[in-house]
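Chain letters run A, B, ... following the sequence lines, proteins first and then strands; every chain starts at 1.
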Protein chains: 2
Amino acid sequence: MTRSPSISGPMGSLPLPTFISKRLFSNSPQVKSLSIDNINQNVVSAQYAVRGELAIRSEQYRAQLGKGEGKDLPFDSVIAANIGNPQQLDQKPITFFRQVTSLMENPELLQHESVLLDTMGYKSDVIDRAKRLLKDVKSVGAYSQSQGAPSIRQSVADFIERRDGYSADPANIYLCAGASSGVNSLMNIICSTPNVGVLVPIPQYPLYTATMSLMNSQVVPYYLDEASRWSTDIPHMRDALKQAQKKGIDVRAVVVINPGNPTGGSLSPEDVRSVLELAAEEKLVVLADEVYQTNVFEGEFLSFKKGLRDLQGSEHNNDGKFDNLELASLHSISKGMVGECGHRGGYYEMVGFDPEVVAQIYKFVSIMLCPPVIGQCLVDCMVNPPREGEPSYPLYRQEYDGIYNDLRHRATALHKAFQEMEGVECQTPQGAMYLFPTIKLPQKAIEAAKEAGKNPDDFYCLRLLDATGICIVPGSGFGQKEGTLHFRTTFLAPGTDWVSRITGFHKKFMDEYR
Amino acid sequence: MTRSPSISGPMGSLPLPTFISKRLFSNSPQVKSLSIDNINQNVVSAQYAVRGELAIRSEQYRAQLGKGEGKDLPFDSVIAANIGNPQQLDQKPITFFRQVTSLMENPELLQHESVLLDTMGYKSDVIDRAKRLLKDVKSVGAYSQSQGAPSIRQSVADFIERRDGYSADPANIYLCAGASSGVNSLMNIICSTPNVGVLVPIPQYPLYTATMSLMNSQVVPYYLDEASRWSTDIPHMRDALKQAQKKGIDVRAVVVINPGNPTGGSLSPEDVRSVLELAAEEKLVVLADEVYQTNVFEGEFLSFKKGLRDLQGSEHNNDGKFDNLELASLHSISKGMVGECGHRGGYYEMVGFDPEVVAQIYKFVSIMLCPPVIGQCLVDCMVNPPREGEPSYPLYRQEYDGIYNDLRHRATALHKAFQEMEGVECQTPQGAMYLFPTIKLPQKAIEAAKEAGKNPDDFYCLRLLDATGICIVPGSGFGQKEGTLHFRTTFLAPGTDWVSRITGFHKKFMDEYR
């Protein structure tokens, strides 16, 4: 087996930067202990988009422009619409959150309360919050409980109760270093053999397939229904499950991402209930990735937890089939109006899990000691923000609504642009931070891509980058139905002027290849 | 296979708190998807000390005392000498570090520079550092590069160069969420099959055996030589290696913890060189856990990197055997005088790795997106602290030396106490945060332990806790030579009064069972 140095990802297999690809000892085989051929092949076969050709090239453009060397480029700025990284794209952190964390980092500032209040713009509820959290964690430099600080887990439980109208138990809540870390823990528990399968939506956020590849277990793909706004299609899911079972796969769990990444779809209450019904009947653990739960632009978010509790108390549960359903629902400080990706914070709530299994999850997470404590404090702020009547509330409300409305405004502008583009169809923006339009390219463009050795969607996205400086991700990085082409773009970049760069490029591209 | 709810760890298999151990559906088998019998058995078999009987009981005592309900207890405070968690034990964070991170969390404070300088005790170099880091990371709420922010990796490279006198390349440096996370990444790459083995010192920090258990690979134990201050014994290591190879194990790497955890030993330059020689001859990757590199009380710390570069340029390398040696050395913000465990920061430098292998490590770490950015900033502060002549230097020096001297003072006091205890022998404190004395118990005590269903070292530690409120960890949690008994204690707890509690208990214990 030989491989050229590359990273596989949404952009396919792409050359690495030279510092990585240069082989130091290419003519001296076996001088090293580790080689691409003898290391963990589950890592080698995992696919994850990081620094594909597109991202690398866009960073090169950015560097060129930064040095004033980009005068020949047909654009004057690079727009990173490829990653959901709000604060890299100028989204301002929420003031209350960061005032609290600044005090957590330097509690000595609390010696100067009046200066903080009179001069620095801090409010008394900021100081109160910091004091409460300091009392629990003692110092953000100390390890917390591996499961997370007790008072913060209590805050999460209170939040869930307010959100759903059903109680939550802090003992069932595990704080984690971002939802990715939570998914990793859960998959490490679930995936015991190469024969274990998990239903994963397609298109999906590639964390899921990458983690399952690391665990050497089976991805059982189910397609979301683009025509009905990326909803779940239960007969199709059941069919995918049965097909996998026929092959002898032990399907144990189903992943649902709601609101959806990359689709931007938002499941209806009926969809949520139908998935729970399927899971109860087929004894599947539900992994509900709900990190975009506040990024909802149409209808209301229904959590899987509330959906489950509703069903448990309804006539649908006359046979008790929902009583034992295992649900893990994940949330994160990285998305929503919080956008604190770099702090690596999140949580998952486990409902209905066997206590012996939970004990093993506890042991697993304890090996990495604890999630970042300052990230835990941000989880507390997210689930327990200033309330009406509290001093920080007016600014919090203003900032939160400002971010929400900007996102919505940009999503709408982008969607409108897509509607006007030849061969492009895009579902109404419903949630998350993404649009995932489908695109029909002329035969000539598909041939040109083939000639260039690229997938047609890769080819399109590369041409877009070269022409406009806008970096988006081809649909192949997330999975798409055979014969269809898509791309994912965030709507995080400030302003909407960049949208016209896309429409302008698209027109020229279509004219060239029509 | 059935198991009672328990977590295995240094304290053996112990009952869990009731919230975990209560089986909800014990009479309805197979109603759940996941059970202790079908989840990942590599997790089930992993042993890791977290909440063993000792730790749980000590927390119960602490809670009792906190509520004023501990009047019948024979002690008035609980001393957690079981975990290296300095700031939980009142070690103050370094002022410079936390002033910087407070500005990183709330850059709005930089609008009030004169207030910071005149009233809040900030110095101009704090402000300069925060501005430099903000320029690199933009916001601590934004994802950084998966490998870590470029300017921080440059700071680490500069630090290594200053420390060793040999250059380091930022491209070879990976920031991580504490050294544990780095070890996890490296082990995930190395451990490709159940047949792969790694030489691990005994006694060891249980992260290593736990991670290898998760990877389902072979721990190849080698014993440290207690009689020569816990040094490495090369003929014995070679023997352990050969024995494993005879069994068909593909031994690929050797772990060295220097200074040692739990031993508190510190390797001599000769030991470091000998391990490198063995590794070069046997083509083993060296994993050098150097998180205690500044906790050295005797002699000078020699990094494996410097040891390797020295050898590469020496006559020992006439045959070029050191040219291809693969070394990964790990460092952390959790230990040393920094003690920022809760922030989860660290780095590893890889030397001599095949670039194709490094590319896979890059992909692996990118799946979890990036290490916590504020922890990365603390790595920058740790490797690049205030220097002589800079405004923050005097206080930094004073705080750093204060912590160092306190640690040394307490280590000495503890060691002196152990020397006076019957049946206890303890190596001179050399480094890290631990002492690991050996203890000979009377036959009657060993029988009493057996009767109580405990290992003798567990029994001793439980009795110590019940009598004094001091929590330490039995040697069985780290591994010890057959027939010997040890315990590990940190010397982090403030003051030295608690030491006399140990000597007093020990005398009574010995009298009881002599």
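A distance-only check finds a donor-acceptor pair linking the side chain of B:Lys32 to the backbone of A:Gly352 [under 3.5 Å]. In this structure a side-chain-to-backbone donor-acceptor pair under 3.5 Å is missing from A:Asn184 to A:Ser180. Remark: the backbone N or O of A:Asn40 is not paired with any side-chain donor or acceptor of B:Gln360 at under 3.5 angstrom.
Interface residue A:Leu369: only side-chain heavy atoms are found under 4.5 Å from chain B. Both the backbone and the side chain of A:Asn38 come within contact range of chain B, judged by heavy atoms closer than 4.5 Å. Contact annotation for B:Arg344: only side-chain heavy atoms (C-beta onward) come within less than 4.5 Å of a heavy atom of chain A. Both the backbone and the side chain of A:Cys370 come within contact range of chain B, with heavy atoms under 4.5 Å apart. Contact annotation for A:Pro371: only backbone heavy atoms (N, CA, C, O) come within less than 4.5 Å of a heavy atom of chain B. Contact of A:Phe97 with chain B is not made at all, since no heavy-atom distance falls under 4.5 Å. At a 4.5 Å heavy-atom cutoff, the contact between A:Gln88 and chain B is made by backbone and side-chain atoms alike. Heavy atoms of A:Leu103 lying under 4.5 Å from chain B are absent altogether. Proximity to chain B (any heavy atom under 4.5 Å) is restricted, for A:Met215, to the side chain, taken from C-beta onward. Neither the backbone nor the side chain of B:Ile361 comes within contact range of chain A; no heavy atoms are under 4.5 Å apart. Proximity to chain A (any heavy atom under 4.5 Å) is restricted, for B:Val137, to the backbone atoms N, CA, C and O. Only the side chain of B:Tyr205 comes within less than 4.5 Å of a heavy atom in chain A; its backbone stays farther off. Contact of A:Asp90 with chain B is made through backbone and side chain together, with heavy-atom distances under 4.5 Å. For A:Ser334, the part lying near chain B is the side chain, with the backbone staying farther off; criterion is any non-hydrogen pair under 4.5 Å.
When each of B:Val43, B:Val373, B:Asn42 is checked for heavy-atom pairs under 4.5 Å with chain A, B:Val43 comes out on top. Options B:Asn85, B:Ile190, B:Val338, B:Val357 differ in how many heavy-atom pairs under 4.5 Å they form with chain A, and the most are formed by B:Asn85. Put simply, of B:Leu214, B:Val100, B:Thr95, the one with the most heavy-atom pairs under 4.5 Å next to chain A is B:Leu214. If you tally non-hydrogen atom pairs under 4.5 Å between each of B:Gly84, B:Ala142, B:Gly121 and chain A, the highest count goes to B:Ala142. Options A:Leu378, A:Val183, A:Asn188 differ in how many heavy-atom pairs under 4.5 Å they form with chain B, and the most are formed by A:Asn188. In terms of heavy-atom pairs under 4.5 angstrom with chain A, the leader among B:Met120, B:Glu340, B:Glu282 is B:Met120.
Taking CD of B:Gln111 as the reference point, atom CG of B:Leu116 lies at 10.5 Å (rounded to 0.5 Å). Atom CD1 of B:Ile374 is separated from atom CD of B:Glu105 by 4.0 Å, given to the nearest 0.5 angstrom. With rounding to the nearest 0.5 angstrom, the CG atom of A:Asp250 is 7.5 Å from the OG atom of B:Ser33.
In this model, no donor atom of one side chain and acceptor atom of the other lie less than 3.5 Å apart for B:Arg252 and B:Ser217. Remark: the B:Gln376 side chain and the B:Ser144 side chain contain an N/O donor-acceptor pair separated by less than 3.5 Å.
Side-chain atoms of A:Lys363 and A:Ser146, non-hydrogen and from C-beta on, never get closer than 4.5 Å to each other. In this structure, B:Gln41 and B:Val44 have side chains that are in contact, with non-hydrogen atoms separated by less than 4.5 Å.
The two residues B:Leu34 and A:Glu326 have their closest heavy-atom pair at N-OE2, 3.0 Å.
Summarising the local packing, NZ of B:Lys138 is surrounded by more than 12 heavy atoms from other residues, nucleotides or ligands at distances under 6.0 Å.
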